[in-house]
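Model, not experiment: these values are computed from the prediction. Quick note: numbers below take in every heavy atom, side chains included, and nothing from hydrogens, waters or symmetry partners.
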Amino acid sequence: MASAIASGGCIAASLDKKSNCEHSILNESAGVNFVAGLPVYVSPKKIIVSTGCQTMWDSKGRITMQIFFSKGKVVQYIEYAENGIAELICEYVEGAALPKTCPNLNTLANGFAILSDEIEKSLPTFDDLRRKTEVRK
């Protein structure tokens with residue numbers, strides 16, 4: 001599975017309502033950012049825009065959001081509740097989001113923001129889930 005992350009991270013096999021990123025694993029290759037003082041993790045660091053997805057985990061290792069790409073465009077965005085159930089599923093067709101409460105396509109086009117490696121290396125020590133021995137899905 002580590003090779004799946006290294007070679008592109010996620011696979012958007014199906015873009016129906018039950019779709020989810022296969023092989024989304026929080027590990028050392030994930031990027032990090034901070035929201036309200038807590039770390040969030042993103043994998044893959046660099047989006048695979050041709051066809052694939054990007055996953056975000058919260059500071060407890062729960063998947064919180066995913067962006068799916070097909071043919072270089074955002075086609076789906078999903079937000080998950082703390083219990084892991086999708087609470088918002090957005091479909092993007094010809095640049096329009098359905099439902100209208102979805103994030104603007106322009107905010108998703110470049111994937112989730114992460115800190116640069118240089119900034120990340122300068123951070124003080126924090127409880128970094130990427131360094132834990134157990135694998136999180």
Side-chain angles (χ1 to χ4, degrees):
M1 287 196 183
S3 64
I5 292 294
S7 67
C10 313
I11 302 166
S14 165
L15 294 174
D16 61 17
K17 300 283 187 233
K18 296 179 183 175
S19 128
N20 102 44
C21 289
E22 298 174 20
H23 311 297
S24 292
I25 299 171
L26 175 54
N27 64 22
E28 289 191 29
S29 69
V32 70
N33 205 339
F34 286 82
V35 175
L38 296 172
V40 294
Y41 306 94
V42 174
S43 183
K45 283 183 178 183
K46 295 187 184 208
I47 58 173
I48 310 301
V49 295
S50 57
T51 299
C53 71
Q54 193 176 40
T55 299
M56 180 184 287
W57 292 264
D58 67 10
S59 62
K60 295 181 180 177
R62 297 176 295 219
I63 292 177
T64 59
M65 295 177 231
Q66 294 176 311
I67 303 172
F68 294 82
F69 300 89
S70 180
K71 298 177 184 170
K73 296 182 181 183
V74 174
V75 292
Q76 189 176 57
Y77 167 83
I78 302 175
E79 287 182 6
Y80 296 91
E82 287 184 9
N83 63 8
I85 295 177
E87 61 182 358
L88 176 64
I89 299 174
C90 302
E91 305 288 336
Y92 294 87
V93 181
E94 296 180 16
L98 301 170
K100 297 209 182 281
T101 57
C102 294
N104 182 294
L105 186 60
N106 293 334
T107 63
L108 301 175
N110 294 318
F112 298 120
I114 61 168
L115 300 176
S116 69
D117 289 340
E118 182 178 287
I119 291 173
E120 187 178 335
K121 288 176 185 173
S122 72
L123 293 174
T125 303
F126 65 97
D127 187 24
D128 191 341
L129 293 182
R130 299 171 299 173
R131 312 292 190 260
K132 303 287 181 184
T133 55
E134 62 186 78
V135 175
R136 298 182 179 266
K137 288 187 180 181

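- Residue pairs meeting the salt bridge (charged side-chain N to carboxylate O under 4.0 Å, His left out) criterion with at least one member in residues 74-85, sequence neighbours excluded, are R62-E82.
- The shortest heavy-atom contact between P44 and Q54 is O-NE2, 2.9 Å.
- For the pair P39 and F126, the minimum side-chain heavy-atom distance is below 4.5 Å.
- Here the CG-OH distance, from L88 to Y80, works out to 11.0 Å after rounding to the nearest 0.5 Å.
- Listed here is the closest heavy atom pair of Y41 and D127: OH-O, 3.5 Å.
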Fill in: Verdict with supporting geometry, I67 and V74, side-chain contact (heavy atoms from CB on, under 4.5 Å)
CA-CA 7 Å; I67 303 172; V74 174; 4.0 Å; yes

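- Scored by the salt bridge (Lys or Arg N to Asp or Glu O under 4.0 Å) test, E28 finds no partners at all (sequence neighbours excluded).
- Remark: Y92 OH to N104 CG distance equals 7.5 Å, nearest 0.5 Å.
- In this structure, R130 pairs ionically with D128, as a charged nitrogen and a carboxylate oxygen lie closer than 4.0 Å.
- V32 and L38 are members of different hydrophobic clusters when ILVMFWY side chains are connected at heavy-atom separations under 4.5 Å.
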What side-chain donor-acceptor pairs closer than 3.5 Å can you find for residues 111-119, not counting sequence neighbours?
{"unit_1": "S116", "atom_1": "OG", "unit_2": "I119", "atom_2": "N", "d": "3.2"}
{"unit_1": "D117", "atom_1": "OD1", "unit_2": "K45", "atom_2": "NZ", "d": "3.0"}

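- Summarising the geometry, atom CG belonging to L108 is positioned 7.5 Å from atom CZ belonging to F69; distances are rounded to the nearest 0.5 Å.
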Fill in: side-chain contact (heavy atoms from CB on, under 4.5 Å) assessment of I89 paired with E91
CA-CA 7 Å; I89 299 174; E91 305 288 336; 3.7 Å; yes

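- Here the closest non-hydrogen pair linking I78 and F68 is CD1-CE1, 3.6 Å.
- A distance-only check finds no donor-acceptor pair linking the side chain of S43 to the backbone of L26 [under 3.5 Å].
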